[in-house]
There are 4 protein chains.
Amino acid sequence: MGAAAARKMGGTRAQIQTVALRLFADHGYEATSMRAIAEQLSITKAALYYHFASKEDIVRALIAAMLVRTAELVQWAEEQEPGPALRREVLSRWADIMQDQGLRMFRFLSANQVAMREITPDKSGMAAQLKRLFAILTPPNASVADQLRARLSLAVINMVGMTASDLDASEDEILAAARLISAELLPKQS
Amino acid sequence: MGAAAARKMGGTRAQIQTVALRLFADHGYEATSMRAIAEQLSITKAALYYHFASKEDIVRALIAAMLVRTAELVQWAEEQEPGPALRREVLSRWADIMQDQGLRMFRFLSANQVAMREITPDKSGMAAQLKRLFAILTPPNASVADQLRARLSLAVINMVGMTASDLDASEDEILAAARLISAELLPKQS
Amino acid sequence: MGAAAARKMGGTRAQIQTVALRLFADHGYEATSMRAIAEQLSITKAALYYHFASKEDIVRALIAAMLVRTAELVQWAEEQEPGPALRREVLSRWADIMQDQGLRMFRFLSANQVAMREITPDKSGMAAQLKRLFAILTPPNASVADQLRARLSLAVINMVGMTASDLDASEDEILAAARLISAELLPKQS
Amino acid sequence: MGAAAARKMGGTRAQIQTVALRLFADHGYEATSMRAIAEQLSITKAALYYHFASKEDIVRALIAAMLVRTAELVQWAEEQEPGPALRREVLSRWADIMQDQGLRMFRFLSANQVAMREITPDKSGMAAQLKRLFAILTPPNASVADQLRARLSLAVINMVGMTASDLDASEDEILAAARLISAELLPKQS
DNA sequence: GATGAATGAGAATTCATTCAT
DNA sequence: GATGAATGAATTCTCATTCAT
């Protein structure tokens, strides 16, 4: 099935997002041109603009997708009984999200934080969601160290994609190890 | 003292590096133009090119500077008696390096990994130094988890600059907490 | 009819080639900027880059066009019965080609040989075609002098554009004289 | 003997001319930067400007040197008895001049005619000298063809450097052949 | 006789974006 | 839904040249 045929049946818009995310993650946001995205899909630049108003718009759509899953997790978590058990479960679900497209997404976000900061002055609300997620992972009156631990426990999972390269172990092994360490970092008291 | 006067006494080349690092870290490598750097220093773009052959060349000089300090640490560490005590000390010295210009440097490196990967196919040898540093921090026959821990114990310190923003604590408090957590991550057995 | 209207009906790409060849021939390749070409056509530099990937690319297109006509001549000649008569005919056809756009083309090529050598490491195959043309013009076991004569008989025609300037005769008169001399240079024996 | 030592004893100004001519001939006038010339000599660009007021100035000095020898030839020839014998002798002396630095010089001049035309609106008088040389080579009331022949007989010799490349014969063999053909081209009548 | 530092002008090229069809 | 042609603004980089020391 050629690129054109693929598009015919599978939502050009979705395809653009997939390709764009891959290129953004691999070469960086600024270094990825609309031309490059269009060429990968064998469509014209103008076609891109039919589906997305601008390059930033593609990013916003990408972040929005990630945001939905995060928001779902946050909402669910906030309805549960707080405590160490919940924290472990949240971490586990976060890892599940990451295992999917999420890892690539976070690789992109981490590696392009600066560009993103200037694109989305967080109208997307991702920062807000993360804040609530951190709150759930942090016991009341937590020390600065514990607050940092909460942030790191999430970050550890996201870092897998970046740190994996020089370790000789499969990505799955590494992700498993990351889940373990992540859990250890979690503040232990209620 | 005007910008011109300041330059007269303080090595234009060094000034360029300082300003460039700040801009790269704040706005990203690709988003920082030679024009922007030149304007900050009140010199012309051409003057920039008198001191550095290219934009990439500035980055290389920046990385080389960081590399020197890393290499010194590695060399010193490799001459010591291995063991948990050394690992703690290495971590502590790493934090010292980072506290200086280093933090900004690592913020820049993390936030622009992709751009960097394409600029320095590690001819600079930073990756090699880090590998040796990891080796020192990792006991022989370490598990994958322990290998990851070693990497994270360094990363935690570098992440301070990025994660600090939403925590309400001074940068120093946060760095102190980071040192603590970093030490905890270190593999305990000899 | 304004420049814009003219373009509408006459293939911008072709127009660019015509204008570029004229400027290259008149002012030299390096001395002709993309800006100059664009201005002549009342289009923007960016429009130029829509049609040609680079300045060199324009040259390559120009050479390719010349190459086609040369290749046709070579192919035809190689299918004919060799001998003095063929050689005269080849020379005559060469002059015909040159009379068209060709003269300007060769003026450009001669006057910019060095630049060209570095642009087309003869992937275009022009050198190969000329070699075959020389072979046709040279009897078997020709002396060095005769080999040189073959080359000169072609060159004489191409030189017209360059040498004409200070002679007080029309370009047509000169070309006629050149054809004559060219024929005389041809090795006489079979 | 290093480059610096060489300069100490051998007139920097002369060295600059030699190097510049080589670079101009090899890479073209516009494509040869002052930087490139300076680097070849292991001196600074500024030093170049100590010896020559500008890049064009180097060219003018180069042409002036060639002009002297041409002018001498012209002057001598104009004092001789005209006729076929003189014409042959002139041609021969021209070939002698060319054999020296001259060939490189003419390769440079031919390959950069356009640039030269714009640099020296013949204040150097080379064109004038050549005109007189042509007059000597051309019998009174010569046909257009004969006038062209005169020009070609000189050109043939200058072309050697350019056409030699694909012939498998030594440069000396080729030059000898060129002298021969050149003489044949000369108008025969008085 | 020469250098180090700097400049202003201009080069080629790339980019996100637009719009009539 | 998509294309071909074009634009304006920006980018990296190079060049000839200058001048105080």
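Naming convention: chains lettered A, B, ... in sequence-line order (proteins, then strands); numbering from 1 in each chain. Just so it is clear, the structure is predicted and the values come from calculations on it, not from any experiment.
- The NE2-P distance, from C:His51 to E:dT13, rounds to 16 Å in whole Å.
- Proximity of A:Asp57 to A:Arg60: side-chain heavy atoms (C-beta onward) are separated by under 4.5 Å at one or more points.
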Next on the checklist: Evaluate A:Met105 against A:Ile63 for side chain to side chain contact (heavy atoms under 4.5 Å, CB included), listing each step before the verdict.
Outcome noted: CA-CA 8 Å; A:Met105 187 67 205; A:Ile63 292 185; 3.9 Å; yes
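- The side chain to side chain contact (heavy atoms under 4.5 Å, CB included) search around B:Thr18 returns B:Gln101, not counting sequence neighbours.
- For the side chain to side chain contact (heavy atoms under 4.5 Å, CB included) test, residues two or more places apart in sequence or in another chain that qualify with A:Asp26 are A:Arg22, A:Arg107.
- The side chain of C:Thr12 contributes an N or O atom lying less than 4.0 Å from OP1 or OP2 of F:dA6.
- Counting only Watson-Crick and G-U wobble pairs whose two key distances fall under 3.5 Å, DNA chain E forms stems of three or more stacked pairs at E:2-21 with F:2-21.
- Atom-to-atom, CZ of A:Arg13 to C1' of F:dA2 comes out at 16 Å; the value is rounded to the nearest Å.
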Result block: side-chain N/O donor-acceptor pairs under 3.5 angstrom for residues 29-39 of chain C, not counting sequence neighbours:
residue : atom : partner : partner atom : Å
C:Thr32 : OG1  : C:Leu23 : O            : 3.2
C:Thr32 : OG1  : C:Gly28 : O            : 2.7
C:Ser33 : OG   : C:Ala36 : N            : 3.1

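- Note that the CG atom of B:Leu48 and the CG atom of B:Leu41 stand 7.0 Å from one another [nearest 0.5 Å].
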Checklist entry - When you look at C:Met116 and C:Phe108, which way does the side chain to side chain contact (heavy atoms under 4.5 Å, CB included) test go after all the steps? => result CA-CA 10 Å; C:Met116 291 311 101; C:Phe108 158 55; 3.7 Å; yes
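- For residues 44-67 of chain C, no pair satisfies ring pair (Phe, Tyr, Trp, His ring centres under 6.0 Å), with sequence neighbours left out.
- Checking the phosphate oxygens (OP1, OP2) of F:dA5, a side-chain nitrogen or oxygen of C:Tyr50 falls inside 4.0 Å.
- When rounded to the nearest whole Å, the span between CG of C:Asp57 and C1' of E:dT14 equals 15 Å.
- For the pair B:Phe52 CZ and F:dT14 C1', the computed distance is 18 Å after rounding to whole Å.
- B:Glu39 places its CD atom 17 Å from the P atom of E:dA6, with the value rounded to the nearest Å.
- Among residues at least two apart or in separate chains, there is no salt bridge (Lys or Arg N to Asp or Glu O under 4.0 Å) pair with a member in residues 42-55 of chain C.
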Checklist entry - With the sugar-phosphate defined as primed atoms, P, OP1 and OP2, and the base as all remaining atoms, what B/S/- string results for nucleotides 15-21 of chain E, 5' to 3', for protein heavy atoms under 4.0 Å? => result BBBBB--
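- Rounded to an integer number of Å, the gap from C:Leu48 CG to F:dG8 P is 14 Å.
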